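Computation of the quantities below employed the complete heavy-atom set of this structure, encompassing side-chain atoms and omitting hydrogens, waters and symmetry-equivalent molecules. As the structure is a prediction and not an experimental result, all values here were calculated from the model.
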Amino acid sequence: MASQGGTRQPKYQRIADALKAAIQAGEYGPGDRLPGENDLMAAYEVARMTARQALGVLQNEGLVEARKGAGVFVRAFRPLRRRGIQRLAQEQWGSGRSVWSTDTEDRELVVDRIDVREEEANGRISEALGVPAGTQVWARSRRFVLDGKPVLCATSYLPSDIVAASAITQVDTGPGGTYARLAELGHGPVHFREEIRSRMPSAGEAERLALALGTPVVQIVRTAFAEGGRVVEVNEMTLDSASYVLEYDFDA
């Protein structure tokens with residue numbers, strides 16, 4: 001198969017494309033084991049490294065996962081559709097619902113590794129919050145596990161002069177979460193900005209998200225603004241890229 005410019009695709013890419021087509025056609029369903037390296041070597045008459053690279057392509061795209069000593073299997077996890085605009089609507093958190101309920105539907109969501117602490121804002125966070133470096137802020141770190149799969153780690157930073165002694169400094173912030181509590185404090189968000197980029201994970205992020213080797217992450221930094229333009233939260237989120245579809249639906 002020729003590609004643009006007249007060059008041929010590498011053998012490993014052609015094998016990966018064939019396996020991908022078989023998955024999409026339903027020949028291999030969720031949880032099914034794919035042909036192993038030895039099988040691919042024999043079927044396509046290629047070296048082991050070529051077969052390994054082909055399987056690696058599918059792992060990097062999040063279609064399959066390797067299980068040590070067992071082989072490579074089609075991922076059974078259904079990607080999470082993150083509706084970036086609807087989930088932050090005031091009628092969502094303002095009525096006591098979690099912003100996550102827009103995404104998860106009836107799936108099982110567990111929030112673990114929760115750490116709530118007061119600390120001094122470093123340069124990056126102080127600049128984002130618009131406060132001097134060293135200003136006290138409250139940080140809320142947590143991990144989100146959907147259907148048994150870690151999908152996201154997040155840390156929110158909020159100004160101490162606003163949230164001190166409120167439920168935001170507790171593990172359970174109550175119905176509607178942080179934004180509902182900010183509204184009760186007179187600092188409800190009226191505008192959000194999200195910045196998105198993709199990168200490779202750190203070793204710690206790979207461990208916390210149980211990422212397959214070579215899987216990139218999506219980093220989303222959300223800034224919440226109250227009336228008058230004051231920043232009331234900066235939320236740094238790290239997503240398993242293979243577990244997400246990012247959806248933004250808005251009128252022209």
Side-chain angles (χ1 to χ4, degrees), residues 16-17 19-21 23-24 26 28-32 34 55-67 72-89 92-93 97-115 128 140-157 177-179 189 192-224 233-250:
D17 287 347
L19 291 172
K20 189 188 308 183
I23 293 172
Q24 293 171 343
Y28 300 102
D32 286 350
L34 290 183
L55 294 172
V57 168
L58 300 185
Q59 289 182 62
N60 289 342
E61 292 185 7
L63 295 175
V64 304
E65 58 185 358
R67 301 176 190 169
V72 176
F73 296 79
V74 179
R75 281 173 62 101
F77 181 83
R78 176 163 50 99
L80 178 66
R81 187 168 294 274
R82 183 183 189 271
R83 296 172 172 87
I85 294 176
Q86 294 93 327
R87 70 199 309 272
L88 294 175
Q92 180 74 14
W93 48 265
R97 298 193 302 271
S98 164
V99 296
W100 269 79
S101 62
T102 302
D103 305 335
T104 57
E105 300 170 340
D106 59 350
R107 301 171 69 178
E108 180 185 5
L109 175 68
V110 175
V111 183
D112 67 6
R113 300 195 183 186
I114 302 173
D115 179 31
R140 298 182 53 84
S141 298
R142 59 271 191 213
R143 184 179 73 163
F144 296 83
V145 181
L146 187 68
D147 295 341
K149 170 73 177 73
V151 295
L152 177 147
C153 292
T155 301
S156 295
Y157 300 91
T178 295
Y179 296 148
F192 295 97
R193 180 180 66 224
E194 289 193 340
E195 300 175 354
I196 303 173
R197 69 186 182 98
S198 180
R199 58 174 173 79
M200 297 307 294
S202 68
E205 290 168 336
E207 182 277 325
R208 288 191 292 274
L209 291 172
L211 297 177
L213 183 65
T215 303
V217 293
V218 175
Q219 184 175 51
I220 300 178
V221 179
R222 180 168 68 235
T223 306
E233 182 213 34
V234 175
N235 189 353
E236 296 186 332
M237 295 165 274
T238 304
L239 291 66
D240 171 10
S241 63
S243 295
Y244 273 91
V245 174
L246 304 183
E247 177 183 297
Y248 293 88
D249 183 7
F250 45 87

Return the [atom1] to [atom2] distance between [X] and [Y], rounded to the nearest 0.5 Å.
X    : Y    : atom1 : atom2 : value
N235 : F192 : CG    : CZ    : 10.0 Å
R113 : F144 : CZ    : CZ    : 13.5 Å
S198 : Q219 : OG    : CD    : 10.0 Å
E236 : S141 : CD    : OG    : 9.5 Å
L34  : L58  : CG    : CG    : 6.5 Å
L80  : Y244 : CG    : OH    : 4.5 Å

(request) Answer with yes or no whether the side chains of R142 and S156 bring together a donor and an acceptor at under 3.5 Å. (result)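 Side chains of S156 and R142: pair found under 3.5 Å.
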(message) Any heavy-atom pair between the side chains of V64 and L19 that's under 4.5 Å?
(response)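 L19 vs V64: side chains apart.
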(request) Run the salt-bridge test on E65 and K149 with the 4.0 Å N-O cut-off and return the result as yes or no. (result)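 Salt bridge flag = no for K149 with E65.
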(request) Grab the two heavy atoms, one from G31 and one from F73, that are nearest each other, plus how far apart they are. (result)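 Heavy-atom minimum between the residues: O-CD2, 3.4 Å.
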(request) Considering non-hydrogen atoms only, spot the tightest contact between S243 and R75 and give its length. (result)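 Residues S243 and R75, closest heavy atoms: OG-NH2, 3.5 Å.
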(request) Measure from the side-chain N and O atoms of R143 to the backbone N and O of R208, and report whether any donor-acceptor pair falls under 3.5 Å. (result)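 Judged by distance alone, yes, a pair lies under 3.5 Å.
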(request) Sort out for me which residue in T215, V145, V151, V217 forms a side chain to side chain contact (heavy atoms under 4.5 Å, CB included) with L209. (result)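 Between L209 and the candidates, side chain to side chain contact (heavy atoms under 4.5 Å, CB included) is satisfied uniquely by V217.
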